[in-house]
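Read through the structure below, which is laid out as C-alpha cells, and then see the notes.
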Amino acid sequence: MIDLHTHTLFSDGVLTPSELVYRAKYCGYTAIALTDHVDYSNADFILPRIIKVCKILSQNYNISAIPGAELTYIPPKLIKEFSAECRKLGAKIIVMHGETVSETVPQETNFYAVQADIDILAHPGHLSLKDAELAAKNNVKIEITTRKSHGVTNKEVAETALKAGAKLVLNTDTHVPENLLAKELIEKTLLQAGLAQDYYEIMQNNAKEILKGRL
Ligand SMILES: [Zn+2]
Ligand SMILES: [Zn+2]
C-alpha cells in the first residue's frame, strides 16, 4: 500500500516520523510520504529534518519513506512560488491543502494549486470542472481521502475528476495511528466515492507514477 499524505508531530500529527513510518510498515505499507503542514514560517525548519529521518528510516525499515510537504493556507497567488521553494528545500511530494468543505480554505486555492508544480490536490471540496481539467492538463493528481471530515465530497470529486480526465489517488491524511490504511477503510471509502472496488489498483498505480524517479 502507498499513502502520500500523512502528518507527524512536526505539524498536527501525534507520532514522531520514526513511529509513523514503522507503524505504516507494520500495516503493510510499501511507501509513505510525510507531508506536514508548511507555510512561509516553517518549511525551512521542517523539511531538512524530515529529509534526514526519511533517509534513515528507508535504509533501516524496508519501506520507502518519502519527504514531502502539505502547503497549507498559502495565499493562492503565491502557491506557485512557494511550491518551487519547497522543491528547492528537497520536498519530493508536494500536496496542496485544497478547498475542503469542512474548513474555510482561501477561495481559488484549487485554481492556483493545479497550475503550480505540485503532485496532489488534497481534499478539494466542491472541485470545479475547470480546475479538474487544469489538473488533468498539468498532471496534478486529485485526492480521494479516507478522512471523514474531508471525505464528504469524495463522490463529487471522483465524478468531476474522471469527467475531466484527471487521475485519482487515495490518501489517508493520517494524524493518529488509527487513520492508517486498512482493507476495510479502503473498501468503505471506495464505496462512498462511488468507485468500483478494483479502482484501488488504478489509484495505487497513479501514486506509483508520482513516485517514479523520486525514490
Ligand atoms: Zn489538508
Ligand atoms: Zn493533511
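Each residue takes its place number in the sequence, starting with 1.
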Practice task
Only counting residues at least two apart or in another chain, list the ones meeting side-chain hydrogen bond (donor to acceptor under 3.5 Å, both in side chains) with D131.
Solution key: S128

Exercise for the section: For K77, check side-chain hydrogen bond (donor to acceptor under 3.5 Å, both in side chains) against everything at least two apart and list the hits. Expected result: none

Handout entry: Non-neighbouring partners of D44 that pass salt bridge (charged side-chain N to carboxylate O under 4.0 Å, His left out), sequence neighbours left out
Key = none

Exercise for the section: Tell me, please, which residues at least two apart from T145 pass side-chain hydrogen bond (donor to acceptor under 3.5 Å, both in side chains). Expected result: none

Handout entry: salt bridge (charged side-chain N to carboxylate O under 4.0 Å, His left out) partners of E103, counting only residues at least two apart
Key = none

Handout entry: Euclidean distance, E159 CD relative to T153 OG1, rounded to 0.5 Å
Key = 11.5 Å

Exercise for the section: Working to the nearest 0.5 Å, report the span between OG1 of T146 and CG of L170. Expected result: 6.0 Å

Practice task
Report the hydrophobic cluster partners of V152, with the cluster defined as I, L, V, M, F, W, Y residues connected by side-chain heavy atoms closer than 4.5 angstrom, directly or transitively.
Solution key: V101

Problem - Pairs involving residues 11-37, ordered by first then second residue, that meet salt bridge (Lys or Arg N to Asp or Glu O under 4.0 Å) (sequence neighbours left out) - result: E19-R23

Problem - Sequence-distant partners of E209, side-chain hydrogen bond (donor to acceptor under 3.5 Å, both in side chains), two or more places apart - result: N139, K141, K167

Practice task
Report the residues that fulfil salt bridge (charged side-chain N to carboxylate O under 4.0 Å, His left out) with R214, sequence neighbours left out, ordered by chain and then residue number.
Solution key: D119

What donor-acceptor contacts under 3.5 angstrom involve side-chain atoms of residues 51-59, with partners at least two apart or in another chain?
residue: S58; atom: OG; partner: C54; partner atom: O; Å: 2.8
residue: S58; atom: OG; partner: A65; partner atom: N; Å: 2.9
residue: S58; atom: OG; partner: A65; partner atom: O; Å: 3.3

Handout entry: Test side-chain contact (heavy atoms from CB on, under 4.5 Å) applied to A132 - qualifying residues, sequence neighbours left out
Key = L127, T160, A164

Exercise for the section: State which residues pass salt bridge (charged side-chain N to carboxylate O under 4.0 Å, His left out) with E81; sequence neighbours excluded, sorted by chain then number. Expected result: none

Problem - Pairwise distance CG(L15) to CG(L180) - rounded to 0.5 angstrom - result: 7.5 Å

Practice task
Evaluate the side chain to side chain donor-acceptor pair (under 3.5 Å) criterion for residues H126 and E99: first the C-alpha distance (whole Å), next the side-chain angles of each, then the deciding distance (0.1 Å), finally the verdict.
Solution key: CA-CA 7 Å; H126 298 302; E99 294 177 55; over 6 Å; no

